Amino acid sequence: MPRTLIKSGSVISPTGVEPADVLIDGETIASVGTPGSFADAEPEYDKVIDAAGKYVLPGGIDVHTHMELPFGGTFASDTFETGTRAAAWGGVTTIVDFALQRTGEDVQAGLAEWHRKADGECAIDYGFHQIIGGVDDEALKSMKYLTEHEGVTSFKLFMAYPGVLYSDDGQILQAMQTAAECGAMIMMHAENGIAIDVLVAQALARGDTDPVYHGTTRPSELEAEATHRAIVLAKVAGNVPLYVVHMSAADALEEIAAARHDGRNVFAETCPQYLWLTLEDTLARPGFEGAKWVCSTPLRSSKDGHHHQESLWKGLRANELAVVSTDHCPFCFKDQKELGLGDFSKIPNGIGGVEHRMELMYQGVVTGQLSLERWVETCCTTPARMFGMYPRKGIIAPGADADVLVWDPTGQTTIGINDKHHMNMDYSAYEGFVVDGKVDTVLSRGTVVIEDDAYVGRKGHGRFIQRELSQYLV
Ligand code: URP
Ligand code: ZN
Ligand code: ZN
């Protein structure tokens, strides 16, 4: 088994920053020691990575991606091959993608389809959540089966997208009761889709067809209301663990904070786009350009009095928000976003970002919004614990998979279509962002996949991870 030494770096975990050397034996971390501990045997190692002046952290874990998701008459433009390669470029060593079941479809067939898409294609390890877009008796049985036999222990429901993925309150309650019985996690897209569809129809009838109306027809109150309702339903369903995805709004976050204060197993994630981008800078651009940033929940206004970004950063520090994911769901501008020319409701929903989460969140460290430890906790360790992958993933410790990101805090990263950009899309949502810090070296299960500004991994290296139940419950 090849042995690799990462020496002279500072190892970051949620509990601190320590100078330490990391010894890797094959695919796993064999030992973590004080600097110089393994120096005697240095000539025997197959590879020595000098991390002097650099941070050594667990590879990033992005628990919210959508490779090849069918949406609005097209498919998310990253395949598992292109998307996991871009993830590796961004210091990510595990993704958890969403297998899809829609009304009338078979859950296990949906999961099999996702295995078919990913098998042999991935540069890094991957797991699946299961979208339940049609709650019926068969789907409920399958939830138990997937939890007990397939390593798929979390299920996403939608309070938005009526007629497509939407579940009504009764269906949500039933799915939650099932999850409570088998210990699974319910992930919720919390927006009141019935009310949103009325506002969308009214806007279109007025002739308000530009991308900005995607944002104004999805007010934060309707995210907060749905979040509240999901929390109540989760309680009635026997206190099933609830994880609200892609949280964008201060008023929704207040609902999470109140439930957590009450001691409930209620969690939420946010994404870099909600922390760094506003409606005014993006959706509201003249003409159709705003389509690039159409996603749901929408990017929020900095002028609606809610101070969304300030609250989200604060929520991250206070563990009201436990995780940062990307909700990576890329569509090209040409031919894909353009499906909504003249009608914002037909713009495929999603933003690509799997490559930039570690970079954009490190910028939060640089600007003093987050500690180094919390950066690692929200982007690496808690995602692993929340979704049953710990301590195999999410920590630099003996016995863990050797998924490692060596980070250069003295470097700089310029994001943009002609700069750092490896996702399969024809624009960058973060065009022109220049952030401090840089991905230096990335190892996936002991194999170097990024080194010297080059991708040296291979498709098919990534393995499917059978996940356990959440390890983050109170
Ligand atoms: O706009 C988004 N978020 N697209 C992906 C699907 C979802 O709801 O997460
Ligand atoms: Zn969603
Ligand atoms: Zn999503």
Side-chain angles (χ1 to χ4, degrees), residues 62-78 83 87 95-102 110 114 126-133 154-167 172 175 185-193 196-197 200 211 214-215 217-218 222-223 226-227 230 242-249 252 267-275 277 279 282-283 290-300 323-333 336-337 339-340 344-354 357 383 387 423 425 429:
D62 190 342
V63 294
H64 192 152
T65 68
H66 299 284
M67 307 304 171
E68 295 179 53
L69 177 75
F71 197 109
T74 187
F75 287 80
S77 57
D78 262 320
I95 61 163
V96 187
D97 203 86
F98 286 84
L100 177 65
Q101 177 254 2
R102 290 169 289 206
W114 243 251
Y126 61 98
F128 295 142
H129 313 286
Q130 179 70 49
I131 289 173
I132 305 289
S154 40
F155 298 90
K156 183 175 178 190
L157 304 172
F158 288 79
M159 301 169 103
Y161 308 133
V164 187
L165 293 166
Y166 174 82
S167 292
I172 289 170
M185 175 79 81
I186 291 292
M187 306 174 78
M188 189 61 77
H189 181 128
E191 285 187 298
N192 185 328
I196 286 168
D197 272 12
V200 168
H214 172 79
T217 55
R218 306 180 94 89
L222 295 183
E223 185 181 346
T227 301
L242 172 69
Y243 177 98
V244 178
V245 295
H246 46 55
M247 183 151 284
S248 66
F267 311 100
E269 65 172 19
T270 192
C271 312
Q273 55 267 36
Y274 304 117
L275 295 160
L277 305 175
L279 177 143
T282 58
L283 287 169
K292 292 176 179 173
W293 294 277
V294 163
C295 62
S296 298
T297 55
L299 300 179
R300 296 293 174 195
V323 168
V324 178
S325 71
T326 57
D327 193 9
H328 176 75
C329 191
F331 296 99
C332 290
F333 188 68
Q336 292 197 294
K337 291 288 186 179
L339 290 168
F344 70 85
S345 72
K346 295 199 164 57
I347 300 169
N349 283 204
I351 284 185
V354 74
R357 184 183 59 132
F387 292 106
M423 299 171 288
M425 52 193 295

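Every number for a ligand or one of its atoms is a count from 1 in the order of the listing. From a predicted model like this one, the values you see are computed outputs, not experimental measurements. All values below come from the heavy atoms of this structure, side chains included, with hydrogens, waters and symmetry mates left out. We number each residue from 1, following the sequence as shown.
Contact annotation: the side chain of Asp327 approaches that of Gln273 to within less than 4.5 Å [non-hydrogen atoms, C-beta and beyond]. Looking at heavy atoms from C-beta onward, Pro330 lies out of side-chain contact with Met423 at the 4.5 angstrom threshold. The closest side-chain heavy-atom distance from Pro383 to Asp62 is not below 4.5 Å. Counting heavy atoms from C-beta on, the side chains of Met247 and Thr227 come closer than 4.5 Å. Proximity of Tyr126 to Trp114: side-chain heavy atoms (C-beta onward) are nowhere separated by under 4.5 Å.
For residue His66, an N/O/S atom approaches the Zn ion (ligand 3) to within less than 2.8 Å. Residue contact annotation: Lys156 places an N/O/S atom under 2.8 Å from the Zn ion (ligand 2).
For the 3.5 Å distance criterion, the side chains of Thr326 and Arg357 fail to qualify, holding no donor opposite an acceptor.
His189 contributes ND1 as its N, O or S atom closest to the Zn ion (ligand 2).
At the Zn ion (ligand 3), the vertex angle linking OD1 of Asp327 with NE2 of His64 is 90° (nearest 10 degrees).
Aromatic rings of His189 and Tyr161 (six-membered ring for Trp) have centroids within the 6.0 Å cut-off, being under it.
Around ligand 1 you find His64, His66, Lys156, Phe158, Tyr161, His189, His246, Cys295, Ser296, Asp327, Cys329, Asn349, Gly350, each with a heavy-atom distance below 4.0 Å.
Cation-pi contact between Lys337 and Phe331: absent, since separation from the ring centre below 6.0 Å together with deviation from the ring axis within 45° is not met.
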